[in-house]
**Q** 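Submitted below is the structure of interest, expressed as C-alpha cells.
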Protein chains: 2
Amino acid sequence: MTVTIKDVAKLANVAPSTVSRVIANNPRISDKTKERVKAAMEELGYHPNFIARSLANKSTQSIGLVMPSSADKVFQNPFFPEVIRGISKGAHEKQYSLHMSTGETEEEIFEGLVQMVQGGRVDGVVLLYSRFDDKVVTYLRKRNFPFVVIGKPYKHIEEITHVDNDNYRASKEITEYLIELGHERIAFVGGNLNFVVTVDRLLGYENAIRNAGLPYRDEYVSHEEFLQEGGQEAITDLLSLEEPPTALVVADDLMALGILGKLAEMGKVVPDDISVISFNNVLLTEISRPPLTSVDIDIFRLGYEAAKSLIQITENPNESVKRIIVPYKIVKRHSCSEAGKVSLL
Amino acid sequence: MTVTIKDVAKLANVAPSTVSRVIANNPRISDKTKERVKAAMEELGYHPNFIARSLANKSTQSIGLVMPSSADKVFQNPFFPEVIRGISKGAHEKQYSLHMSTGETEEEIFEGLVQMVQGGRVDGVVLLYSRFDDKVVTYLRKRNFPFVVIGKPYKHIEEITHVDNDNYRASKEITEYLIELGHERIAFVGGNLNFVVTVDRLLGYENAIRNAGLPYRDEYVSHEEFLQEGGQEAITDLLSLEEPPTALVVADDLMALGILGKLAEMGKVVPDDISVISFNNVLLTEISRPPLTSVDIDIFRLGYEAAKSLIQITENPNESVKRIIVPYKIVKRHSCSEAGKVSLL
DNA sequence: TTGTAGGCGTTATCAT
DNA sequence: ATGATAACGCCTACAA
C-alpha cells in the first residue's frame, strides 16, 4: 500500500541500497543516479518509514519527556507549557520529535518511562523536574541511558547533566532586596518539599535572613503545593500570626497570584500593607494586580538548553557531563515597597 | 546488548514465536509453558521492543498531536495543557502514548505532520484546533488517515469525526443573559477569525443581539489574538467610542483577564461600570478580581473524548463518523451585574 | 500446543 | 559507483 524504498528503486532502476544511500546523501554516488532516484521519490511521493529506520539504526530521532507525577494538578502551571516550548525548539533544530508517556500517578509514569526506554521509543529523555530520591533517576543511571534533568539533581550532581538556575542565590538576592526595603518580618511560602528547587530557594531565603541578623522563625516558613490554593492556605495562616509578616517570598507565581487574591479579599493592599515577590515570571505576573515583582528564570531557555544537551549526549555518548546554569533576573514591578511606607501609586 | 525475545526463548527452552504468543496472551498455550516463559522474562528483565513490534504490526500504539501554528504564543493559553491532559488520560486508558512534532510555523508543522504520518510514527492524529482552509485536514482526508478534530471542522462536517461544544448556542445564551440583565450596549471581543470557534461564538452573539431587537453595531465587534494583549487593545478602542458598551462578551478567559487589568488601570470597576463574561473557565478565572463569570467548556473532556474516539477509529477503521458535543455550563461569578446598577459587593 | 520460516522497511557490510 | 544480502526484533501464517 504505502510506497517503500523498493518501489522507488524499481522505478529508478537501481537497487534499494542505492536509494538508501541517496537518502543518506552518501557522497560516493553519481550525480546522475542521484537525480534519477530523487525524481522517482518525488513521483511516488515517497517518505521514509521512521519505524523501519529506527529498527535498523537503533535510533529514533525522538526524545522522551518525563513529567512530575500528579501531572493533573501540576500541568496547570504555565511552567510546563513553557519548558516544553523550549525543548521543542531545541529538538526541532536537530530534527528530533517529542514523545510523552501518559501516566498520572508516580507509578504509572515510571512504568511509562520504562516502556519508553526499553521499548526503544526514544533516544534519550529529559526530566522536567528534580525531586529527592527519584527512582526515575536511579533507573536511568543504572541502565546508563542518556538523560538530562531540568533542575538540580538530588545526588550525583557531578555526574548528571542538568540545566538549572542558581535558585539559592536568586532566593537570597530577593530576600536581601526585601531587607533593604526595610522589611524585618519576611515570610517564605514554598512549594512541595520533595522538589529540590523548593529547598534551594528556602536555603537562600534562610541565609539572607540570618546574614542580616534577623531571627529565623519557623512559623514564617510554610510549604504548599505549587498552586493557587496552596498560596491561599498559607497566607491565611501567616496573617493570623501575632506578628504577621510584612513581606513574602513566594516560590511560585501561581501561588503568589492565589495569595494576592486572598489578600485583596481580606482587605489588605499590596504592596502598602504587605510586599510580595515570587519566582518564574510567568506571563500572568504582568496582568495581575498589582503586577508582580518576580524572578525571571527564563523557563524557555531551560527547556531549550536541556534539549540541546540531551541531543549532544545521545549523539556523542562519550561527551562529558555538563552543568548549565541559566541566568535569572529580577523583574521589578509593583508588588514590593518599603516597609511601613505607603506607595505613591 | 538488550534482551530480546530470543533470549527469553532460549532461557525458557521454547521457540521465539511461543514467547511472542505469551506476550500477546494467546489462549492456546499451555499454562505450564506460559509460566516458564513469564519467569524467564522476569529473570532477564525483558521488555518488548515497540519499534520492532510496530514494524511487524504496522501499528504504533501512539497518537500524534497537531497544534495550531504559532505554537509559541498560543501555547501560553491554559487551554492547551488542559486538552492535552484530557487526551493523555484517554490515551492512557488504551495504553497509547503521545507524539508531538516540533515545528513552529504553519509550514513546519505541516511538514512535521507529514513525517509523522508517512513515517509511520503514529496511528492517528488529533488536531487541537480547527481553522478555515486547513491544509492539514485536506492532507489527512486525501490520505484517508485516521484523525479527529477538536472543534468544528470548517467543511465536510458530516464526514469528519470531531468533538466540540455548541459554541453558537453558548455564545447566544450568555449574550441573552447580559440582555436580561438590562444591557443594551454589548460588545463582542473575539479571537483570531481564522479559527472556526471564533466565528461560531460571534454568530451566537449576533443572533442574540438581533433577536432582542437591539442594533448590531460593527464597532462593537473586534478581533484580536487569543491573548491578554489582544484583550487590552480591544478594550481601549471600545471605551473610546462615543457610546461605549456596558457589557462585554469575550471569546477567551485570557483576553478577559487582559481586559480586566486594563479596565482597572483606567479606573473602571467591574462589574459596576461594565460587565464581562468570557469563555473557557480556565483556572485563572477563579482568582481574578473580580472572579470571572465564564462558560465552562470542559476542556479536559474535549481532549478525553477526542482521544477515545480517535483510538476507536484507528482500531476499527470502518467505524462510523462521530460528532461528540460536550456540554457547557455557565459559571456565574462576579463580573456581571445589572445594567446601570451598582452591585452590593 | 508449539516450532519454522518469511516478512515488515531500512541500513550496513561486503562484494563487484 | 552500485548491487546482494544479512541484520534489526517481532509477528503470523503454515506446519507439525
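All heavy atoms count here, side chains included; hydrogens, waters and symmetry mates do not. None of these values were measured; they are calculated from a predicted model. Just so it is clear: chains get the letters A, B, ... in the order the sequence lines come, proteins before strands, and each one is counted from 1.
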**Q** So Pro16(B), base contact, sugar-phosphate only, or nothing? Heavy-atom distance under 4.0 Å.
**A** nothing

**Q** For Ser20(B), report the nucleic acid contact type (base, sugar-phosphate, nothing); a contact means any heavy atom under 4.0 Å.
**A** base

**Q** Does Arg141(B) pair with Glu159(B) as a salt bridge, N-O distance under 4.0 Å?
**A**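 Yes.
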
**Q** Report yes if a side-chain nitrogen or oxygen of Lys58(B) is closer than 4.0 Å to either non-bridging phosphate oxygen (OP1 or OP2) of dC11(D); otherwise report no.
**A**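 For dC11(D), OP1/OP2 do not have a side-chain N/O of Lys58(B) under 4.0 Å.
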
**Q** Mind calculating the distance between CD1 (Ile51(B)) and P (dG9(C)) to the nearest angstrom?
**A** 15 Å

**Q** For Arg21(B) and dG3(C), what is the distance between atoms CZ and C1' respectively, to the nearest whole Å?
**A**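 That distance rounds to 8 Å.
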
**Q** Between Glu107(B) and Lys135(B) (salt bridge meaning N to carboxylate O under 4.0 Å), is one present in this structure?
**A**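 Looking at Glu107(B) and Lys135(B), the cut-off is met.
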
**Q** Rounding to a whole Å, what distance do you find between Glu35(B):CD and dT2(C):P?
**A**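 To the nearest whole Å, that distance equals 12 Å.
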
**Q** Of the options dG3(C), dT11(C), dC8(C), whose atoms approach the side-chain atoms of Ile5(A) most closely?
**A** dT11(C)

**Q** Describe the nucleic acid contact of Tyr46(A) in one word from base, sugar-phosphate, nothing, applying a heavy-atom distance below 4.0 Å.
**A** sugar-phosphate

**Q** Do Lys155(B) and Asp133(B) touch side chain to side chain, with heavy atoms closer than 4.5 Å?
**A**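 Sidechains of Asp133(B) and Lys155(B): no contact.
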
**Q** Compute whether any side-chain donor of one residue and acceptor of the other, for Ser97(A) and His99(B), lie under 3.5 angstrom apart.
**A**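 Yes, a side-chain donor-acceptor pair sits under 3.5 Å.
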
**Q** Looking for any heavy atom pair under 4.0 Å, which part of the strands does Val19(B) touch: base, sugar-phosphate only, or nothing?
**A** nothing

**Q** May I ask you to say whether Lys32(A) pairs ionically with Glu35(A), meaning some side-chain N is under 4.0 Å from a carboxylate O?
**A**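 So Lys32(A) does not pair with Glu35(A) through a salt bridge.
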
**Q** Once you apply a heavy-atom cut-off of 4.0 Å, does Asp31(A) come out as touching a base, just sugar-phosphate, or nothing?
**A**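 No contact.
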
**Q** For a quick test of reading the model: is some side-chain N or O of Ser30(A) closer than 4.0 Å to OP1 or OP2 of dA1(D)?
**A**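 For Ser30(A), the contact criterion (side-chain N or O under 4.0 Å from OP1 or OP2 of dA1(D)) is not met.
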
**Q** Assign each of Lys34(B) and Ala56(A) to its nearest nucleotide of DNA chain C by heavy atoms, then name whichever residue's nucleotide is nearer the 5' end.
**A** Lys34(B)

**Q** Respond yes when some side-chain nitrogen or oxygen of Arg53(A) is under 4.0 Å from OP1 or OP2 of dT11(C), and no when none is.
**A**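 Yes, such a contact exists.
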
**Q** Measuring from the side chain of Asn57(A) (C-beta onward, heavy atoms only), which nucleotide among dG9(D), dT11(C), dT2(D) has the closest atom?
**A**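 When the side chain of Asn57(A) is considered, dT11(C) is the closest of dG9(D), dT11(C), dT2(D).
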
**Q** Compare side-chain N and O positions of Ser17(B) against OP1 and OP2 of dG3(C) and report whether any pair is under 4.0 Å apart.
**A**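 No, because none of the side-chain N or O atoms of Ser17(B) sits under 4.0 Å from OP1 or OP2 of dG3(C).
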
**Q** Figure out the CG/P separation between Leu55(A) and dC10(D), and round it to whole Å.
**A** 9 Å

**Q** Are any side-chain N or O atoms of Asn165(B) and backbone N or O atoms of Val326(B), one a donor and one an acceptor, separated by less than 3.5 Å?
**A**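 Such a contact is found between Asn165(B) side chain and Val326(B) backbone.
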
**Q** Gln61(B) CD to dC10(D) C1': how many Å, rounded?
**A**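 In whole Å, dC10(D) C1' and Gln61(B) CD are 14 Å from each other.
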
**Q** NZ of Lys10(B) versus P of dT4(C): gap in Å, rounded?
**A** 13 Å

**Q** Base, sugar-phosphate alone, or nothing: which one does Ser54(B) contact when heavy atoms must sit under 4.0 Å apart?
**A**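 Nothing, no heavy atom under 4.0 Å.
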
**Q** Take the protein atom CG of Asn49(B) and the nucleotide atom P of dT10(C), then report the distance between them rounded to whole Å.
**A**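 Between P of dT10(C) and CG of Asn49(B): 17 Å.
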
**Q** Taking the side chain of Ala15(A) as its heavy atoms from C-beta onward, which of dG9(C), dG3(D), dG9(D) lies nearest to it?
**A** dG3(D)

**Q** Please report, rounded to the nearest Å, how far the P atom of dA1(D) is from the CZ atom of Arg36(A).
**A** 15 Å

